[in-house]
Amino acid sequence: MRIVIAEDNVLLREGLVLLLTSDGHDVVAVVGSGPDVLPALLEHRPDAAVLDVRLPPGFRDEGLRAAILAREALPGLPVLVLSQYVEETYAAELLAGGAQGVGYLLKDRVSRVEEFLDALRRVGAGGTALDPEVVSQLMTARHDPLQALTPREREVLGLMAQGLDNTTIATTLVIAERSVSKHIGAVFAKLGLPPTDSGHRRVLAVLAYLNS
């Protein structure tokens, strides 16, 4: 994939470049401040962007704002956002524009190389990759009817919201795939969501609920 990176920390930025190029990707631009992000994205029109939420000069939400503007100008642009902490408001705002091709990870995930690269591949393919901590906070912010879910159904919901398919969920929880399907059916019923066989549409439905 052709990738644009926006990160002000020099060590992390160079580490990302090395990691991505070693994995066969083409880093077409690297920027370190908020005002440089959108012009770089519009110029290079990459296959994906990896952006820090907080960038100079304000270190508030410059990266996120650029991501939102870029997705308005380039609909469907895959964006993987990195953040030092779980910032629920930022995550909700990014997801408000639609979860297709969106990822939100804590920076410590970058050190877990395979997890990070897998998340980038999913986002680049139009999928979703949410950090488990982000999902947990979005779920915690909701009280009812999430309280009606069993502990196992909450586990399944959290993994679904991360963008994982049934097979991966079954492997993660060490249960049969048919059991995963039953739990998903129960989750949809309790949350009042329409049943669907599409993995992507079901993630969108779950995220829409968690973000509502």
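Predicted model, so just to flag it, every value in this text is computed and none were measured. Here, residue 1 is the first one in the sequence, and each next residue gets the next number. Atoms considered below: every heavy atom in the structure, side chains included; atoms not considered: hydrogens, waters and symmetry mates.
Leu173 and Val180 end up in the same hydrophobic cluster when Ile, Leu, Val, Met, Phe, Trp and Tyr side chains are linked at under 4.5 Å. Under the 4.5 Å side-chain heavy-atom criterion for grouping Ile, Leu, Val, Met, Phe, Trp and Tyr, Tyr104 is connected to Val79 within one hydrophobic cluster. Connection of Val27 to Leu16 is established within a shared hydrophobic cluster, with ILVMFWY side chains joined at heavy-atom distances below 4.5 Å, either directly or through further cluster members. In the hydrophobic clustering of this structure, Leu69 groups with Leu64; members are Ile, Leu, Val, Met, Phe, Trp, Tyr whose side-chain heavy atoms approach within less than 4.5 Å, directly or through other members.
Using modelled atom types, no side-chain atom of Gln162 and backbone atom of Leu164 make a donor-acceptor pair closer than 3.5 Å. Looking at His25, its side chain does come within 3.5 Å of a backbone N or O of Met1 through a donor-acceptor pair. In terms of modelled atom types and a separation under 3.5 Å, the side chain of Asp52 and the main chain of Leu55 share no donor-acceptor contact. Not a single donor-acceptor pair under 3.5 Å links the side chain of Ser179 to the backbone N or O of Ile175. A donor-acceptor pair under 3.5 Å is formed between the side chain of Asn9 and the backbone N or O of Leu12. Side-chain atoms of Arg154 never come within 3.5 Å of backbone atoms of Leu149 as a donor-acceptor pair (strictly under, hydrogens ignored). Here the side chain of Arg2 pairs no donor or acceptor atom with the backbone of Asp26 at under 3.5 angstrom. The backbone N or O of Glu7 sits less than 3.5 Å from a side-chain atom of Arg13, completing a donor-acceptor pair.
Note that NE2 of His44 and CG of Leu74 are 12.5 Å apart. Values are rounded to the nearest 0.5 Å. Atom CZ of Phe188 sits about 4.0 Å away from atom CE of Met160, to the nearest 0.5 Å. A distance of 12.5 Å separates CD in Glu14 from CG in Leu19, rounded to the nearest 0.5 Å. To the nearest 0.5 Å, atom CG of residue Leu18 and atom CG of residue Leu20 are 9.0 Å apart. In this structure, the separation between CG on Leu38 and CD1 on Ile68 is 12.0 Å, given to the nearest 0.5 Å. Atoms CG and CG, on Asp23 and Leu120 in that order, are 8.0 Å from each other to the nearest 0.5 Å.
Contact between Ser83 and Val53 at its shortest, heavy atoms only, is CB-CG2, 3.9 Å. Minimum interatomic distance between Ala6 and Val37 (heavy atoms only, all atoms of both residues): CB-CG2, 3.7 Å. The two residues Pro35 and Pro56 come nearest to each other via the heavy atoms CD-O, 3.8 Å. Across all non-hydrogen atoms, the minimal contact from Leu130 to Ala161 is CD1-O, 3.6 Å.
A 4.5 Å side-chain heavy-atom check between Pro39 and Val31 finds every atom pair outside the cut-off. Here the side chains of Leu41 and Pro46 are in contact, with some heavy-atom distance below 4.5 Å. Residues Leu82 and Leu51 fail the side-chain proximity criterion, which asks for heavy atoms closer than 4.5 Å. With a 4.5 Å cut-off on side-chain heavy atoms, Gln84 and Leu106 do not count as touching. Side-chain contact between Val156 and Ile184: present, with at least one pair of heavy atoms (C-beta onward) separated by less than 4.5 Å. Between Val102 and Thr128, the closest side-chain pair of non-hydrogen atoms is not below 4.5 Å.
Only one option out of Leu80, Val50, Val81 pairs with Leu105 in a side chain to side chain contact (heavy atoms under 4.5 Å, CB included); it is Leu80.
A side-chain donor from one of Asp36 and Ser33 sits under 3.5 Å from a side-chain acceptor of the other.
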Intermediate values then yes/no, side-chain contact (heavy atoms from CB on, under 4.5 Å), Ile3 and Val28: CA-CA 6 Å; Ile3 298 173; Val28 296; over 6 Å; no
Residue pair Thr172, Thr168: steps toward the side-chain contact (heavy atoms from CB on, under 4.5 Å) verdict: CA-CA 6 Å; Thr172 301; Thr168 305; 4.1 Å; yes
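For the pair Arg54 and Asp8, the salt-bridge criterion is not met [side-chain N within less than 4.0 Å of a carboxylate O]. Between Arg112 and Asp118 no salt bridge is recorded (no basic side-chain N to carboxylate O distance below 4.0 Å). Looking at Arg152 and Glu155, a side-chain N of the basic residue comes within less than 4.0 Å of a carboxylate O on the acidic one, giving a salt bridge.
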